[in-house]
Chemist: 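The structure's right below; bear with me while I get my questions together.
Order of the sequence lines sets the chain letters (A, B, ...), proteins ahead of strands, with each chain counted from 1.
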Amino acid sequence: GAGVSQSPSNKVTEKGKDVELRCDPISGHTALYWYRQSLGQGLEFLIYFQGNSAPDKSGLPSDRFSAERTGGSVSTLTIQRTQQEDSAVYLCASRLTGTANQPQHFGDGTRLSIL
Amino acid sequence: GENVEQHPSTLSVQEGDSAVIKCTYSDSASNYFPWYKQELGKRPQLIIDIRSNVGEKKDQRIAVTLNKTAKHFSLHITETQPEDSAVYFCAASINTPLVFGKGTRLSVIA
């Protein structure tokens, strides 16, 4: 079946603009995660959605970052007033349940470049 | 919270040799330990995982060992091939989300 889908694959924007990144998880997966990967670095957790529960926002680096998940499926990560340090690959992952022992499956990511 | 350390950061091996990557974690409550392979410009792909009730797991040329007492786990790749060249990430989880190590860049030299 289809995997995790992210769009756009690349986004170039000017400093100060707002951007929206989209994630379409695997059908039936109730858990959805956003991570950020800076060049040559590891994966930094941003936010986690599990079913209808309140999201875990503990990884968001500032209040310029927000995310929502509509209808328990598609998620949008929004970055307001972008800064150059926001440049990174933003990865989305989904999981069948919120249980720890189920694997996370990643999308191809959105490469965000702030000029 | 959980903290995962991964070593080495880079590793070069001759084709056919074995490669070992080691990770330590801080929270003894962590119970799930996956390994991901990420080729340049591509998504991380799960290659193997282990639960805390198991000490070792093997899948063809790849094996993972877990020592809960010492809070460390390792990835072993035998008979390495050029296509094994990639960045490998370990991770640990109590529930979710995963906490990742900083990655190991493996180069297999033909």
Chemist: Following the transitive rule for hydrophobic clusters with a side-chain heavy-atom cut-off under 4.5 Å over Ile, Leu, Val, Met, Phe, Trp and Tyr, establish whether B:I21 and B:F100 coincide in one cluster.
Modeler: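 They do not share one cluster, since no chain of ILVMFWY contacts under 4.5 Å joins B:I21 to B:F100.
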Chemist: Using the benzene-type ring in the case of Trp, are the ring centres of A:F106 and B:Y36 under 6.0 Å apart?
Modeler: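 A:F106 vs B:Y36: aromatic centres under 6.0 Å.
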Chemist: Side chain, backbone, both or neither: which part of A:V4 has a heavy atom under 4.5 Å from chain B?
Modeler: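 Backbone only.
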Chemist: Do A:W34 and A:V19 belong to the same hydrophobic cluster, where Ile, Leu, Val, Met, Phe, Trp and Tyr are linked whenever their side-chain heavy atoms lie under 4.5 Å apart, directly or via other members?
Modeler: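 The answer is yes; both residues are in one hydrophobic cluster.
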Chemist: State, with a plain yes or no, whether a side-chain heavy atom of A:Y35 is found less than 4.5 Å away from one of B:P97.
Modeler: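 Side chain of A:Y35 against side chain of B:P97, heavy atoms only: contact under 4.5 Å found.
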Chemist: Please classify the contact of A:L43 with chain B as side chain, backbone, both or neither, using a heavy-atom distance under 4.5 Å.
Modeler: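 It is both, since atoms from each part get that close.
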Chemist: Just how far is it from atom CD of A:Q37 to atom CZ of B:R43, taken to the nearest 0.5 Å?
Modeler: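 Here the rounded value is 13.5 Å.
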Chemist: Does one hydrophobic cluster hold both B:I77 and B:V13, with members joined at side-chain heavy-atom distances below 4.5 Å?
Modeler: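 Result: yes, single cluster for both.
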Chemist: Could you check whether atom CD of B:E15 has more than 12 heavy atoms from other residues, nucleotides or ligands sitting under 6.0 Å from it?
Modeler: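 Check passes, neighbour count above 12.
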Chemist: For residues B:L98 and A:Y33, determine if any side-chain heavy atom of one lies less than 4.5 Å from a side-chain heavy atom of the other.
Modeler: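 The answer is no, as the side chains (C-beta and beyond) never meet within the 4.5 Å cut-off.
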Chemist: Quick one: do A:Y48 and A:Y90 end up in the same hydrophobic cluster if we chain Ile, Leu, Val, Met, Phe, Trp and Tyr together by side-chain heavy atoms under 4.5 Å apart?
Modeler: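 In one cluster: no.
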Chemist: Please classify the contact of B:Q38 with chain A as side chain, backbone, both or neither, using a heavy-atom distance under 4.5 Å.
Modeler: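 Just its side chain gets close to chain A.
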Chemist: Should B:I47 and B:V64 be regarded as members of a common hydrophobic cluster, given that ILVMFWY residues are connected when their side-chain heavy atoms come within less than 4.5 Å of each other, either directly or indirectly?
Modeler: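 Both belong to a single hydrophobic cluster.
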Chemist: So for B:P34, is it side chain, backbone, both, or neither that comes closer than 4.5 Å to the heavy atoms of chain A?
Modeler: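 Neither; nothing under 4.5 Å.
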